[in-house]
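Throughout, a chain's letter reflects where its sequence line sits, starting with A, and its residues are numbered from 1. Remember, it's a predicted structure, so these values are computed and weren't measured experimentally. Any value given below was found using the heavy atoms of this structure, including those in side chains, with hydrogens, waters and symmetry copies removed.
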Number of protein chains: 4
Amino acid sequence: MADKPAPDPSRRSERSRRAIFDAALALVGEVGYDKLTIEGIAARAGVGKQTIYRWWPSKAAVLLDAFTDGVDEDYAKGLPDTGDLAADLKFVLRATADEFNDPVFQAPYRALAAAGANDEELSRAFVGRLLEPGTRVYVDRLRAAQETGEVAAGIDVRVAVEMLLSPFSQRWLMRTGELTHEYVDTLVDLLLCGLRPRD
Amino acid sequence: MADKPAPDPSRRSERSRRAIFDAALALVGEVGYDKLTIEGIAARAGVGKQTIYRWWPSKAAVLLDAFTDGVDEDYAKGLPDTGDLAADLKFVLRATADEFNDPVFQAPYRALAAAGANDEELSRAFVGRLLEPGTRVYVDRLRAAQETGEVAAGIDVRVAVEMLLSPFSQRWLMRTGELTHEYVDTLVDLLLCGLRPRD
Amino acid sequence: MADKPAPDPSRRSERSRRAIFDAALALVGEVGYDKLTIEGIAARAGVGKQTIYRWWPSKAAVLLDAFTDGVDEDYAKGLPDTGDLAADLKFVLRATADEFNDPVFQAPYRALAAAGANDEELSRAFVGRLLEPGTRVYVDRLRAAQETGEVAAGIDVRVAVEMLLSPFSQRWLMRTGELTHEYVDTLVDLLLCGLRPRD
Amino acid sequence: MADKPAPDPSRRSERSRRAIFDAALALVGEVGYDKLTIEGIAARAGVGKQTIYRWWPSKAAVLLDAFTDGVDEDYAKGLPDTGDLAADLKFVLRATADEFNDPVFQAPYRALAAAGANDEELSRAFVGRLLEPGTRVYVDRLRAAQETGEVAAGIDVRVAVEMLLSPFSQRWLMRTGELTHEYVDTLVDLLLCGLRPRD
DNA sequence: CTATAAACGAGACGGTACGTCCCGTCTTTAA
DNA sequence: TTAAAGACGGGACGTACCGTCTCGTTTATAG
């Protein structure tokens with residue numbers, strides 16, 4: 001019960017916070033997550049180790065904050081709605097594929113996904129701050145399509161979105177295939193039509 | 001270039017090999033992957049550290065071998081084929097869901113999935129030895145369904161299987177939801193029928 | 001060369017000064033000198049660290065001030081002079097032995113003696129404020145004895161006092177023996193008579 | 001009770017042991033005892049920190065071993081015995097004074113004396129290995145003088161030796177005076193004759 | 001039925017990073 | 001304006017493991 005006195009966030013050094021984020025992102029790209037080190041981040045940032053330990057519980061938490069810092073508003077816009085569901089989905093997924101193929105994006109994202117697998121606490125934060133908002137915009141778009149009748153009424157929209165995004169993520173995470181535009185097109189088409197032959 | 005003389009596998013101690021596997025699996029369950037150490041495995045197995053370093057390059061490799069030791073023949077049987085594709089898929093996926101909900105299975109599998117995300121070499125082995133065989137049986141079953149006309153001819157079967165298995169894996173890995181029988185049923189139905197309303 | 005502006009001693013908080021002394025003496029007894037820290041003193045005294053750094057250069061200096069605060073007038077009285085030199089020396093040395101055997105006295109005194117050995121500056125202050133006054137009263141008493149003829153005229157009184165007090169201090173500091181009343185009696189007798197057999 | 005398994009001294013690296021001693025003695029002379037650091041010794045010696053922690057409990061213990069390594073046989077010879085006690089004592093004490101005035105000797109010896117004051121365990125080792133053997137040779141010489149009648153029979157020889165050596169040590173440790181040849185001569189003469197005037 | 005070479009257990013070694021404590025400085029807040 | 005509070009850059013602590021490297025000691029063929 002004897003927690004050590006919580007630090008006072010109002011006295012926190014913004015300069016140090018930024019330097020730590022920059023250092024963490026740079027280093028994870030240069031040396032990889034396994035060789036990423038609190039000590040290394042502190043040294044690169046010109047900061048005492050305690051300044052990191054004071055505000056974060058682990059290198060994963062630092063990286064998550066660094067990665068999500070200022071990215072939160074990306075999801076505010078939502079998906080485009082041109083009335084053509086397939087086209088809208090393909091448009092956004094193609095852009096996402098390009099992003100996932102960007103090397104500077106890969107290292108921290110992979111690291112966080114992996115760290116989350118073994119750390120329940122972290123995975124909750126990772127999901128809540130990155131995956132869930134990214135999923136929600138698809139859910140919203142599909143619901144809109146349901147109201148126009150473009151999508152069947154009884155469908156579990158959440159599961160449908162998973163069927164679109166999880167294969168994408170999995171392929172990338174496990175390196176089981178390339179994330180090409182053709183691939184995402186196939187995903188979207190298959191999701192919309194299903195396997196069953198049409199009469 | 002002067003590699004150290006390769007050890008002679010024929011003189012290898014089977015007793016030690018098994019003890020190392022047992023220790024690795026037990027420890028990953030008890031302390032988690034991050035706190036799993038080569039020294040800890042060696043001590044628990046009653047084995048010198050060098051005996052581990054002689055045969056494996058990393059703790060992840062040990063764990064992968066330990067986890068897959070004797071499990072390889074599981075995939076030989078293939079999926080059941082009762083003629084009812086949906087029923088067959090649901091039957092197997094439900095069993096898999098039960099397996100993934102088993103605590104002793106979770107720790108090493110999560111660990112390996114996570115380690116693979118940051119280690120390309122390991123991920124190839126992980127995919128090749130665990131994911132790919134597991135996927136293949138689904139691919140085969142779907143191809144059979146294509147020949148009976150139960151599944152449309154033009155479908156990319158590989159992608160279809162991903163749309164079934166990846167949401168399942170992702171949900172479990174990221175802890176975004178429970179793996180229930182209802183969930184897998186929904187997945188199968190959605191995959192087979194697609195989102196589009198039928199006329 | 002631009003020394004920081006010297007603090008104004010007239011505005012100094014007497015309450016803080018006392019609290020720091022109390023805390024320093026209490027802590028050195030509880031945790032020992034090596035684990036005595038400025039932060040610990042400040043926390044125990046309910047004082048900001050800077051209030052200590054403003055007025056003292058080191059924890060040794062704090063402790064020396066704390067230890068000598070109000071003890072300076074002890075030496076004003078001088079030694080008793082009953083006309084019997086041996087009796088007077090034994091009387092005072094026995095009392096001193098009792099004092100050195102007091103646990104609350106030991107910790108700070110040992111700490112200061114030790115710190116002085118490695119810090120020339122501190123040792124000068126320690127000697128000047130504690131050792132030298134304590135020695136001087138013995139010197140005065142011996143000089144008086146010289147004038148009465150109780151002590152030979154040519155004797156180097158300073159060295160004689162050292163021969164009385166140093167064995168005493170050394171025994172205590174190095175723990176090479178107990179400081180008993182018998183011991184100090186032996187010292188005094190030996191000093192007065194010398195080793196050489198009398199005819 | 002659960003002590004960690006004692007290391008096996010037979011497998012100890014002699015090379016490392018020597019390197020650690022050399023580094024410790026060099027560093028204590030260069031930076032002083034307070035700034036002497038286990039980390040610094042390890043770095044200078046080209047040795048892992050654990051190799052120091054494995055064999056010694058503290059920097060003081062390292063220094064004591066380094067200082068006494070190979071010096072133990074110095075005391076084997078004993079004091080000269082020319083039949084003239086005063087001359088013999090002065091001869092040896094003058095040499096000791098010269099040694100104590102040697103700068104390379106000072107730093108480790110001061111450090112050990114100081115550390116011993118606050119660490120009972122260490123002080124026992126310091127006394128047992130350095131002070132006690134140094135004292136014993138004087139005790140033996142005085143006992144021999146007692147047998148020839150040069151020294152009175154009833155004298156407590158141990159205390160007499162303290163009266164000779166402690167003023168010497170104290171002067172040096174506390175820097176209360178120079179250790180000159182004249183000083184040691186005065187000490188010896190005073191000890192032998194005592195303060196009381198002879199008839 | 002040895003003898004000999006390997007794999008083995010044990011663990012010391014030079015290192016790196018951990019997470020903590022404290023240093024001495026600097027800044028912010030309330031009296 | 002001073003002092004409490006405490007965040008900061010920094011350095012060392014003592015610990016845990018890393019991966020390498022001897023040490024004897026099994027052990028298991030090849031002579």
Side-chain angles (χ1 to χ4, degrees), chain A residues 4-13 15-16 19 35-43 45-55 57-59, chain B residues 4-5 7-13 15-17 19 35-43 45-55 57-59, chain C residues 4 7-8 11-13 15-16 35-43 45-55 57-59, chain D residues 4-13 15-17 19 35-43 45-55 57-59:
Chain A
K4 49 197 54 172
D8 177 352
S10 73
R11 315 194 58 185
R12 191 167 177 182
S13 162
R15 156 191 291 279
S16 294
K35 293 187 179 169
L36 180 67
T37 268
I38 299 268
E39 214 152 70
I41 298 171
V47 141
K49 282 202 288 180
Q50 201 56 43
T51 301
I52 299 182
Y53 284 111
R54 182 150 40 228
W55 302 110
S58 67
K59 68 175 179 176
Chain B
K4 51 199 56 174
D8 176 352
S10 74
R11 316 200 66 171
R12 189 169 177 182
S13 160
R15 158 193 287 281
S16 293
R17 198 175 134 271
K35 293 187 179 170
L36 180 68
T37 66
I38 300 265
E39 281 201 349
I41 297 171
V47 141
K49 283 199 292 177
Q50 201 58 33
T51 301
I52 298 183
Y53 284 112
R54 183 150 39 225
W55 302 109
S58 67
K59 68 174 180 177
Chain C
K4 51 201 54 175
D8 176 353
R11 317 195 105 214
R12 189 168 178 183
S13 159
R15 156 191 288 283
S16 294
K35 293 186 178 171
L36 179 68
T37 65
I38 300 266
E39 281 199 353
I41 297 170
V47 141
K49 284 201 290 177
Q50 199 62 257
T51 302
I52 298 182
Y53 283 111
R54 186 153 32 230
W55 302 109
S58 68
K59 67 174 180 177
Chain D
K4 50 198 53 172
D8 177 352
S10 73
R11 314 193 56 185
R12 191 168 176 181
S13 162
R15 157 192 289 281
S16 295
R17 200 176 131 271
K35 292 187 180 171
L36 180 67
T37 270
I38 298 269
E39 214 150 70
I41 297 171
V47 140
K49 280 200 289 177
Q50 201 56 42
T51 300
I52 298 183
Y53 284 112
R54 183 151 39 227
W55 302 110
S58 66
K59 67 174 180 177

Inset, instruction - May I ask you to check whether over 12 heavy atoms, not counting those of C/Arg54, lie within 6.0 Å of atom CZ? - result: yes
Inset, instruction - Please list, chain by chain and in numerical order, all residues satisfying side-chain hydrogen bond (donor to acceptor under 3.5 Å, both in side chains) with D/Ser58, sequence neighbours excluded. - result: none
Inset, instruction - Whole angstrom is fine here: how far is it from CD1 in A/Ile52 over to P in E/dA17? - result: 13 Å
Legend entry - DNA chain E: 5'-proximal contact among C/Ser58 and A/Gly40 (nearest heavy atom): A/Gly40
Inset, instruction - Select from D/Pro57 and B/Ser10 the residue whose nearest nucleotide in DNA chain F is closer to the 5' end of that strand. - result: D/Pro57
Legend entry - Contact nearer the 5' end of DNA chain F, comparing A/Ala42 with B/Lys35: A/Ala42
Legend entry - Partner residues of B/Thr51 under the side-chain hydrogen bond (donor to acceptor under 3.5 Å, both in side chains) criterion, sequence neighbours left out: none
Legend entry - Distance, rounded to the nearest Å, where B/Arg15 contributes CZ and E/dG9 contributes C1': 13 Å
Legend entry - For D/Lys59, side-chain hydrogen bond (donor to acceptor under 3.5 Å, both in side chains) partners two or more places apart: none
Inset, instruction - Check side-chain contact (heavy atoms from CB on, under 4.5 Å) between C/Thr37 and all other residues, then give those that pass, not counting sequence neighbours. - result: C/Glu39
Legend entry - Contacts of A/Gln50 that satisfy side-chain hydrogen bond (donor to acceptor under 3.5 Å, both in side chains) - sequence neighbours left out: none
Inset, instruction - Classify every nucleotide of nucleotides 2-8 of chain F by which part a protein heavy atom approaches to under 4.0 Å, writing B for the base, S for the sugar-phosphate alone and - for neither, in 5'-to-3' order. - result: SSSBSBB
Inset, instruction - Figure out the CD1/P separation between C/Ile38 and E/dC21, and round it to whole Å. - result: 18 Å
Inset, instruction - Round to a whole Å and report the spacing from CD1 of D/Ile41 to C1' of F/dA12. - result: 12 Å
Legend entry - Spacing of B/Tyr53 atom OH relative to E/dG11 atom P, expressed in whole Å: 16 Å
